Amino acid sequence: MLSLKKHLYNPWAIALSFLLLLAILFGVLWVLIPPPPKTIEMATGFPTGLYYQFGERLKSELNQEGVELQVKATGGTLDNLDLLSDPKSGVAFAMVQGGVADAKKYPNLVSIAGMFYEPVWVWYREPAFKNETGHLRVLSQLKGKRVSIGNEGSGTLALSQTLLKVSGITENDIHIEKLKPDEAIKKLNSGELDAAFIVAAAEAPLLEKFYMIPGVRLMNFDQADAYARNLPYLSKVNVPRGLLSIEYDLPRQDIQVLAPTATLVAQSDISPALVSLMLGASYDILKSYSRLQKSGEFPSNAGLDFPLQVDAEIYLKDGPSFLHRNLPFWTAVWVGRFMKIIIPLLVILIPLFTYLPAASNLLLKLKLARVYEELKTIDKNALNPQLREQSFRDLDSIEKRVGNIKVSRLDAKELYDLKGHVGDVRNRLNQMR
């Protein structure tokens, strides 16, 4: 029993137990705050579209930071939303066309930032509109025409349907075909189509295929301001003559088009470190990415369908954190992760430090109480001649231990009182001798 109490009151045992508890708590927090993955997947669009090209540029930037980005080709925005909302798909990021998604249907998705304008280009054959002076200027002119409005799963389809609906055009008013871009180009070239909707950035490689179609022009949205007022996620963008192609002189005059914002979207539990990494890489890419945007206009927090992710909001407002601004990515990740663990521990430990003096005093009292308990036993055995010599040996041991006890000046009185009591017990033993 005495041995058990010695271990129980031993300050080294208490300190070791405290350190063990601290290590266990640190380990638990280390597991609860995992590092970001080194491989992530991003849903984009057709390989000939700018979503895919943008993903490839991001892939190159992220490789320099030791993160592998897998760029996944898809049918477009609606496919991307389905993949991103499916936890089993493995997709962490996706490019989404503004104005397509109903945020209420995807409560677990957040916006990282708007990346670039993605205009609605309406290509049309001049001969098909010869009765309208050969030009397409308002969508109501499409009534009775053969029109491709985009393939299933694409943002082009969703947005063109919205524009037609706002314009008062039903599916009975026009001959609709839901074609992929390459299919629309082929039919437009052969005269089987009168017009085709394409949503793509000005730099998208697929637009080059339209240049070579004889007699094809771009629609000038005369009602662009009205559409932008009715559909807030759309912006009116001015396109100077020849911007798409100086060689083919497209467009052949200054025109105005409607443009949603291509947005980088992620799951709501996305790693803050990955958000910082993607935005940092995007800034570098978008410095000279699109001819339609102003310098520094993107990444942007405007024209977003989904709530802006908290860390992205801070980044867009204040720039990268101190760690990511001054350290390599993975070094910043591990330092940040360590700080996220240490700070909660300090919040717990600092109040405990205020109790250290009281704890130290309690330990001293326990140690002295143990000695007094032994003195009590020796004093009791003093009347027994057979135990008297053993009592002297025990008393010698106690005096040696008491002499090694170190105390603060405030506790010196209690130690000297104990030494006096040890002396009293020795005097009684000597008298009994």
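Computed from a predicted model, the values in this text were never measured in an experiment.
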>> Please list all pairs meeting ring-ring contact (aromatic ring centres under 6.0 Å, His included) that have one or both residues in residues 157-188, counting only residues at least two apart or in different chains.
In response: none
> So which heavy atom on Gln70 is nearest to which on Thr39, and how close?
Replying inline: NE2-CG2, 3.5 Å
>> Could you check whether any side-chain N or O of Ser300 sits under 3.5 Å from a backbone N or O of Gly114, counting only pairs where one atom can act as donor and the other as acceptor?
In response: no
> Which residue pairs pass the salt bridge (charged side-chain N to carboxylate O under 4.0 Å, His left out) test when at least one of the two sits in residues 149-173, sequence neighbours left out?
Replying inline: Glu152-Lys178
>> Set out, in order, the CA-CA distance, both residues' side-chain angles and the distance that settles side chain to side chain contact (heavy atoms under 4.5 Å, CB included) for Thr261 and Tyr117, then state yes or no.
In response: CA-CA 5 Å; Thr261 300; Tyr117 287 129; 4.3 Å; yes
>> So, using salt bridge (Lys or Arg N to Asp or Glu O under 4.0 Å) as the criterion, who are the partners of Lys186 when residues are at least two apart?
In response: none
> Judged by atom type as modelled, is there a donor-acceptor pair below 3.5 Å linking the side chain of Thr74 to the main-chain atoms of Gly76?
Replying inline: yes
> What residues form a salt bridge (Lys or Arg N to Asp or Glu O under 4.0 Å) with Glu61, not counting sequence neighbours?
Replying inline: none
>> Test of understanding: with side-chain hydrogen bond (donor to acceptor under 3.5 Å, both in side chains), list the residues that count as partners of Glu208, not counting sequence neighbours.
In response: none
>> We want to know whether Gln97 and Tyr51 form a side-chain donor-acceptor pair, criterion being a heavy-atom distance below 3.5 angstrom.
In response: no
Side chains of residues 223-232: which donor-acceptor partners sit under 3.5 Å, not counting sequence neighbours?
| residue | atom | partner | partner atom | Å |
| --- | --- | --- | --- | --- |
| Asp225 | OD1 | Lys236 | NZ | 3.4 |
| Asp225 | OD2 | Lys236 | NZ | 3.3 |
| Tyr227 | OH | Ser167 | OG | 2.5 |
| Asn230 | ND2 | Ala226 | O | 2.7 |

>> In terms of relative ring orientation, are Phe129 and Tyr124 parallel, tilted or perpendicular, with 30° and 60° separating the classes?
In response: perpendicular
>> Quick check against the 3.5 Å criterion: does Ser276 have a side-chain atom that pairs as donor or acceptor with the backbone of Ala273?
In response: no
> Would you say the side-chain atoms of Trp123 pair up with the backbone N or O of Val216, donor to acceptor, closer than 3.5 Å?
Replying inline: no
